[in-house]
Amino acid sequence: MSVPISSVGTAGAAPEHLGGRWAWLRRAPVVHQVRQSVGLQRAMLLVGIVLTAAFVLVAVLAPLLAPYGPSQRSDEAGGFGTQQPPSVEHWFGTTVGGYDVLSRVIWGAQTAVLVVLVAVAASLVIGVLLGLVSGYFGGWLDRVLVLVADAIYAFPSLLLAILLAIVISGGQSSMWGGILAAALSITVVFIPQYFRVVRSEVVRVKSEAFVDAARVLGTPHRRIMSRHVLRNSVRTLPLIVTLNASEAILTLAGLGFLGFGIEPTAAAEWGYDLQRAVSDVTSGIWWTALFPGLAIVVAAMGMTLMGESLNDLADPRLRSRTASTEVAGDVAETSVQADVTKEDER
Amino acid sequence: MVATSTGGSALGRYILVRFLLIIPTVFILVTTVFVLMRATGDPITASQGGRLSADELQRRISEAGYDRPVLVQYWEYLTGIVRGDFGTSISDNRPVIEVLGQYGGATLELTAYAVALAVLLGLPLGMLAAYFRDRWPDAGLRVLAILAYATPVFFAGLLLKLIFAVGLGWFPVAGRASTAAQIEMRFAGDSSGFYLVDAIRTGQWWVVQDVLSHAVLPSVALGLLTAGVFLRLVRTNMIATLGTDYVDAARSRGVRERRLVVAHATRPALIPVITVAGMQVAMLLVGAVLTETTFEWRGLGFQLAQYLTVRDFVAVQGIVVLMAVIVAVTNFLVDIVAALIDPRVRY
């Protein structure tokens with residue numbers, strides 16, 4: 001951590017002299033970190049960005065890239081045939097259900113991106129709001145929310161997602177129903193993470209002098225919360241978002257693998273395809289398992305690499321909460337950005 | 001910090017407080033599961049919906065008591081859990097607690113192998129990564145750890161199967177033991193749930209071999225995932241510890257960097273690892289559910305997946321509550337262990 005820490009400190013205080021037309025771009029979340037990274041760290045971050053970009057691009061361009069539809073089993077030349085090995089017509093072969101594996105892999109990216117977007121956006125909004133209100137007002141509501149968040153945080157996430165999938169869709173659904181069900185199931189699992197981070201930041205920030213000043217001036221609570229507290233409490237969120245995005249993909253795949261995914265006729269989903277491939281593997285049919293699996297790995301890997309690198313480059317205070325309390329606490333004193341006066345009163 | 005003379009009672013108080021904290025946690029978990037499962041309607045309709053006539057369905061619903069007020073059901077459910085009654089499955093009409101007794105051992109055996117593998121791999125590799133911090137061995141190990149995290153355990157399992165079971169034929173494709181070995185073990189007496197113990201009890205080497213060869217691939221699949229987590233934990237904490245003043249002091253006395261890693265910094269670096277590793281129990285259980293499904297390893301997770309496919313939500317609810325309780329209790333035990341090792345944790 002030696003190199004990134006010093007650069008966090010300077011980069012945080014520097015923005016003024018970096019003015020010019022592209023200043024906003026240099027300070028944008030991910031661009032900023034690429035600039036401050038060096039060597040292997042930068043390589044990891046860039047690989048992560050490239051993989052993630054490729055994943056999103058495939059998802060957006062799925063209608064153009066995929067040779068067939070996600071639930072298509074035949075074309076003018078007739079049926080695709082089941083469990084056909086890779087060929088010129090079907091580069092990745094066909095599944096036991098007679099679908100084209102390549103098309104399912106490509107369309108699956110679209111499903112995954114949609115689920116990740118909905119899940120992360122929903123949990124971000126709800127988690128941040130709850131954390132803000134809970135941390136700012138405190139009291140019994142705060143205590144109850146913390147207890148509930150801790151309990152849910154400790155709950156095996158996939159199991160909770162399964163229960164929620166049962167509640168939301170009864171386990172089977174159309175494309176959008178399935179995507180929403182999967183996304184919302186994942187949302188509930190993620191809310192406590194945002195809640196915990198934002199709440200502890202809010203608790204810290206709200207006792208700062210500038211918040212007291214605003215209060216003394218008679219600023220309404222709502223304005224203090226949105227203008228003074230919230231803005232100073234969300235800096236660690238981008239990296240949680242990237243790590244959650246990869247976790248969302250894995251949870252979605254896990255749901256699909258256990259049979260709680262989206263019906264194959266409605267949309268393509270990698271986890272479901274892998275579940276169907278379990279029996280294929282036993283008879284040596286490799287293409288139905290390999291390609292959807294690799295797609296999951298690439299997507300999750302890209303976002304994890306990005307998240308990990310951001311984690312290393314970002315505010316060490318987050319690290320201090322997860323791991324080495326004492327050491328990172330010392331470091332945080334020197335590296336926290338200049339716009340917040342700091343008093344570590346954890 | 002607490003004065004040393006009151007050290008014993010401080011530890012006692014810590015354990016008590018920490019123990020009392022389990023109760024609200026478990027209560028919230030159990031209530032969450034109940035609310036979720038009742039929000040779907042009654043479990044009988046869910047599992048038998050299309051198959052029974054409306055009258056028959058109604059009869060079974062009132063027989064099972066699902067038409068009574070929700071609060072009454074909730075109370076019954078809570079008191080049942082206190083008594084160790086986790087409900088009776090609809091599909092095969094068995095008490096869930098019995099299912100646990102039968103299959104819990106299998107899950108425990110699998111997770112034990114996986115954790116052993118993870119510690120054996122993750123600990124030294126994490127220390128190695130910390131030693132080579134920000135140089136290429138570190139980068140390589142970290143990418144491997146991320147790869148282990150990003151690979152769904154069931155995909156890893158399928159790949160292992162393809163290569164080592166179907167392709168090379170070194171290991172069996174699925175299951176916990178061959179039929180012949182199972183018969184042999186049954187002759188040796190009641191199953192302990194742990195096949196390795198049963199196999200040793202038969203006193204025949206080929207049975208032990210058979211059981212172990214069945215365990216290799218599932219353990220590796222689950223173990224690699226866990227090893228990746230361990231590697232990252234050990235690396236982060238080791239790097240943090242290597243930057244502390246007392247390690248600096250040792251360094252300035254001329255202690256070699258290698259010796260700092262393996263001797264001076266090890267113990268302080270591993271305490272947070274124990275705490276965080278305890279929090280990975282939830283991840284391990286989820287991983288076990290998926291691994292068991294992939295390898296038809298007849299444990300709790302495999303059973304859970306079976307109940308999910310037949311939509312037996314009473315059984316699902318029971319197993320999920322059980323797992324949540326296991327996680328809460330494990331976290332408690334881990335905190336106690338951490339407190340025993342490191343007096344600063346106690347409050």
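Protein chains get the first letters and strands the later ones, always in sequence-line order, with residue 1 at the start of each.
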*What option among B:Leu158, B:Val316, B:Ile319 has the most heavy-atom pairs under 4.5 Å with chain A?*
B:Leu158
_Under 4.5 Å from any heavy atom of chain A - which part of B:Val33_ = both
*Check whether any side-chain heavy atom of B:Pro152 lies under 4.5 Å from a side-chain heavy atom of A:Trp270, and answer yes or no.*
no
*Give the intermediate values and the outcome of side-chain contact (heavy atoms from CB on, under 4.5 Å) for residues A:Leu290 and B:Leu159.*
CA-CA 7 Å; A:Leu290 185 66; B:Leu159 281 185; 3.7 Å; yes
*Where does A:Ile249 contact chain B at under 4.5 Å (heavy atoms): side chain, backbone, both or neither?*
neither
*With side-chain contact (heavy atoms from CB on, under 4.5 Å) as the test, would you mind laying out the steps for B:Leu285 and A:Leu158 before giving the verdict?*
CA-CA 10 Å; B:Leu285 274 178; A:Leu158 185 64; over 6 Å; no
*Where do A:Leu294 and B:Phe155 come nearest, in terms of heavy atoms and distance?*
N-CZ, 3.5 Å
*asked:* Can you tell me which of B:Leu233, B:Leu147, B:Val153 forms the most heavy-atom pairs within a distance under 4.5 Å of chain A?
replied: B:Leu147
_Largest heavy-atom contact set with chain A, pairs under 4.5 Å, which of B:Thr151, B:Leu284, B:Val327, B:Leu29_ = B:Leu29
*Carefully, step by step, assess A:Leu163 and B:Thr32 under the rule side-chain contact (heavy atoms from CB on, under 4.5 Å).*
CA-CA 10 Å; A:Leu163 292 187; B:Thr32 310; over 6 Å; no
*What residue, out of A:Leu250, A:Leu305, A:Val298, A:Val278, has the most heavy-atom pairs lying under 4.5 Å from chain B?*
A:Leu250
*Which one, B:Arg232, B:Lys161, B:Glu296, leads in non-hydrogen pairs under 4.5 Å with chain A?*
B:Arg232
*Check B:Ile28 against A:Ala151 and note the closest heavy-atom contact, atom names and distance.*
CG2-CB, 3.8 Å
*Minimum side-chain heavy-atom gap B:Val289-A:Leu258 below 4.5 Å*: yes
*B:Leu304 portion near chain A, given a 4.5 angstrom heavy-atom threshold*: side chain
*chain A contact via B:Leu290 - side chain, backbone, both or neither, heavy atoms under 4.5 Å*: both
_Residue pair A:Asp150, B:Thr25: steps toward the side-chain contact (heavy atoms from CB on, under 4.5 Å) verdict_ = CA-CA 8 Å; A:Asp150 280 354; B:Thr25 309; over 6 Å; no
*Do you know which of B:Trp136, B:Phe27, B:Tyr149 has the most heavy-atom pairs with chain A at a distance under 4.5 angstrom?*
B:Tyr149
*Part of B:Val143 within contact of chain A (heavy atom distance under 4.5 Å)*: both
